[in-house]
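What follows is a single structure, written as structure tokens, with notes after it.
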Protein chains: 2
Amino acid sequence: MRGYEVKEKRTTKIDIAQKLNLSIATVDRVFNNRGSVSPRTRELVLEAARELNYIPNKNAKYLSKKVRCNIGISYLLPEWFGSQVERGIQQAYEEFRDFGMQLIISKDALDEKEQIRKIREMLPEIDALAVAPWEPGTEFSDFINSLIDSGIPVVTFNNDMPLSRRLMYVGSDYVVAGRCAGQLMDAFLEHRGEAGIVIRSEHLTNMGQRVAGFRNYLSENSGIRAQGPFKVHGNMESVAEQVKEILVRYPQMRGIFVASDNLVRVADALKALGEEEKVSLVGYDLNEEHAELLREGRVRSVICQEPYRQGYEPVKVLFDYLMEGRLPVQNEIITKMEIVMRENLEGYYKEMKGDV
Amino acid sequence: MRGYEVKEKRTTKIDIAQKLNLSIATVDRVFNNRGSVSPRTRELVLEAARELNYIPNKNAKYLSKKVRCNIGISYLLPEWFGSQVERGIQQAYEEFRDFGMQLIISKDALDEKEQIRKIREMLPEIDALAVAPWEPGTEFSDFINSLIDSGIPVVTFNNDMPLSRRLMYVGSDYVVAGRCAGQLMDAFLEHRGEAGIVIRSEHLTNMGQRVAGFRNYLSENSGIRAQGPFKVHGNMESVAEQVKEILVRYPQMRGIFVASDNLVRVADALKALGEEEKVSLVGYDLNEEHAELLREGRVRSVICQEPYRQGYEPVKVLFDYLMEGRLPVQNEIITKMEIVMRENLEGYYKEMKGDV
DNA sequence: CTGAAAGCGCTTACAG
DNA sequence: CTGAAAGCGCTTACAG
């Protein structure tokens, strides 16, 4: 690739075989550790390979290989997020299908129980599993370990399962995601005043981590007092009512951090209350509605976490593991925190829509 | 890929040929428009392909194809930026080399004249060119057009050549990059006061666009008065002197937008002047020094523009064009504006270092 | 421990 | 307009 020295034909196993007066099968053996080769021959082959700068041809390899690899994928995510993850999966599929990869996708489970049942169903068909668990609980952790024990490597994404022996996790660090929101809020509120934290009714580990990160950042770096977390849920009217109560109780409040997926309703509530100008909103993720809120200046910033890559990487990692026996270098890929504001929205919006 | 319908072997050209009692050569002809095929046969083949859901196998295709494709790449960029671009190039190379792609890279030119000369040198060897021009001038534009006329498709990256008939541009929109910096500055300075703009001595189109974007954003959205642009250059002492003059002249100044690549020196100047706390810095791009400045809180934010992708995409686009005859859907890929602050630095830092 | 041969799914002359 | 055959660089039984 370097400089101008080009044009020479690539070295093949055949070249090495000819040079050493060996059969190509023997050469293949030393590279793939199948069958046995005398130490002397082995040495010669490796040396010749080094000398001729041999790089195996993946095309030929996978074309001739008989083994296929079937990867199961299971997740339950809101549609607008899931569809972005899916584009990453699709990309990986197109990249690897000619190499013998097949995908079995299950995404329509309603709860953890059903997710487990669906994964069990696909078990006879798959050699590996990529899964976005609902919550990092013990039961699901045990389930994952049982899969691993039965020889199915597992990669988690979007939501980790740290107690399990998963091969890898691909997704956000939710504490950092919270700190990030804290830093933005700090800038928007000019280091002072009060900021409220909004969560949803059920407890979710993710959300708890976001809240903790947010609070920590502010207490370490800012004069802003964080209030809450407030559980805000229900329909439009009920959200408006709850937001109103919060603002009445904390008249100094000039920012709201929405750690849940309720950003749109909170924004609408502020509008209904005529408090839009006064209160800065920070939340997560991009969809059609969030984009509109950013454009209108009704949300100051939203933090995204590479949804596309959360689909692509697990498939890639599992493929490499199954087909090449390659262990991932680290045991997690933490996605970047993408700070999206009005002026840099359009690039992320395009990506979200899939017209890159 | 969808659902559970898996396991069936992929349809091949052989399957289609057998089903229709044709030779595989004929089937191949209809897919690749080589040689002539009777309209009737053509119809039958296409119908069968649709019915059997035929997808050609890229592996087999490129393994048997005789044509190679040699892509020339020419850029002159600061090392720390260039090395990130290069990782994208490397990635594309690894993805496509088995498909018959070779790269000829030239990156050591000192000026435009030399860059043109070096490209001329590699001309006999290449089928396409990806180039990051120094400045979007007319002369270089004519040069690019002459290449295109002689049958060499050209993709520009990092720096566009809008007057030329290049196939595509991959890189930043510098006006938007300026607006983005304006929005950040507006938040950091709480919508008021003065912000200075720092550029370097020579006029560069890029930098002019950044400055214009910055000013426009502020005048449309903020109470901040933009001052400058000030030409700041030379060694450490001279930069410190110039920065000092600016601050003396504009005592209200609480932010500096560095549109040039002088961020480190300006930051050091502020430190030497004891004005670090008072003045918020915003600049571009990530390298080891910028990362350190962000960690220390001496720079508030830096805007990056997907350097990795600026290397990857041009190679991919040219490969698809040469080997598949595929025209790009749009004629530009505008990279995203990545807002990097202290709390979300580490993800970008890792990417910059290449240990993803 | 080593080799000869078939085959993966396609393209490419060559022949008709 | 169509077909038979060799070949791309590897893997995979099978044989020795």
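Proteins get letters first, then strands, A, B, ... in listed order; numbering begins at 1 in each. It should be emphasised that the depicted structure is a prediction, and the values quoted were computed from it without experimental measurement.
- Base pairing of D:dA15 is made with C:dT2, judged by Watson-Crick or G-U wobble geometry with both donor-acceptor distances under 3.5 Å.
- Atom-to-atom, NZ of B:Lys13 to C1' of D:dT2 comes out at 16 Å; the value is rounded to the nearest Å.
- A:Tyr312 does not carry A:Arg309 over the face of its six-membered ring by the limits of under 6.0 Å from the centre and within 45° of the normal.
- Comparing C:dG3, C:dC10, C:dT2 by their nearest atom to the side chain of A:Ala25 picks out C:dG3.
- Heavy-atom distances to DNA chain D give each of B:Ala60 and B:Thr26 a nearest nucleotide, and the one nearer the 5′ end belongs to B:Thr26.
- Using bins of under 30°, 30° to 60° and over 60° for the plane-to-plane angle, the ring pair A:Phe99/A:Tyr62 lands in the parallel bin.
- Within 6.0 Å of the CZ atom in A:Arg120, the count of heavy atoms belonging to other residues, nucleotides or ligands does not exceed 12.
- In this structure, A:Phe99 reaches neither bases nor backbone, as no heavy-atom distance under 4.0 Å exists between it and the strands shown.
- Rounded to an integer number of Å, the gap from CG of B:Asp15 to P of C:dG7 is 16 Å.
- Summarising the geometry, the separation between CD1 on B:Ile24 and P on C:dC10 is reported as 7 Å, rounded to the nearest angstrom.
- Straight-line distance from the CZ atom of B:Arg40 to the P atom of D:dT2: 11 Å, rounded to whole Å.
- With distances taken from any side-chain atom of B:Leu63 to the nucleotides C:dG9, D:dA4, D:dC10, the minimum falls on C:dG9.
- The side chain of B:Ser36 contributes an N or O atom lying less than 4.0 Å from OP1 or OP2 of D:dC1.
- Contact annotation: B:Tyr62 side-chain N/O to C:dT12 OP1/OP2 distance is not under 4.0 Å.
- Salt bridge annotation for A:Lys61-B:Asp98: absent, with no cationic side-chain nitrogen under 4.0 angstrom from a carboxylate oxygen.
- If you take NZ of B:Lys58 and P of D:dC10, they are 19 Å apart, rounded to a whole angstrom.
- B:Tyr54 comes within 4.0 angstrom of sugar-phosphate atoms only, judged by non-hydrogen atoms across all strands, and of no base.
- Between D:dC8 and A:Thr12, no contact under 4.0 Å exists linking OP1 or OP2 to a side-chain N or O.
- B:Arg29 has its CZ atom 12 Å from the P atom of C:dA13, to the nearest Å.
- With rounding to whole Å, B:Asn32 atom CG is found 8 Å from C:dT12 atom P.
- Between the NZ atom of A:Lys65 and the C1' atom of D:dT12 there is a distance of 10 Å, rounded to whole Å.
- Salt-bridge formation is not detected for the pair A:Glu47/A:Lys19: no Lys NZ or Arg NE/NH1/NH2 atom is positioned less than 4.0 Å from an Asp or Glu carboxylate oxygen.
- Heavy-atom nearest nucleotides on DNA chain D were determined for A:Thr11 and for B:Ser64, and the one closer to the 5' end corresponds to B:Ser64.
- Picking from D:dA4, C:dC10, C:dG3 the nucleotide with the shortest atom distance to the side chain of A:Ser23 gives C:dG3.
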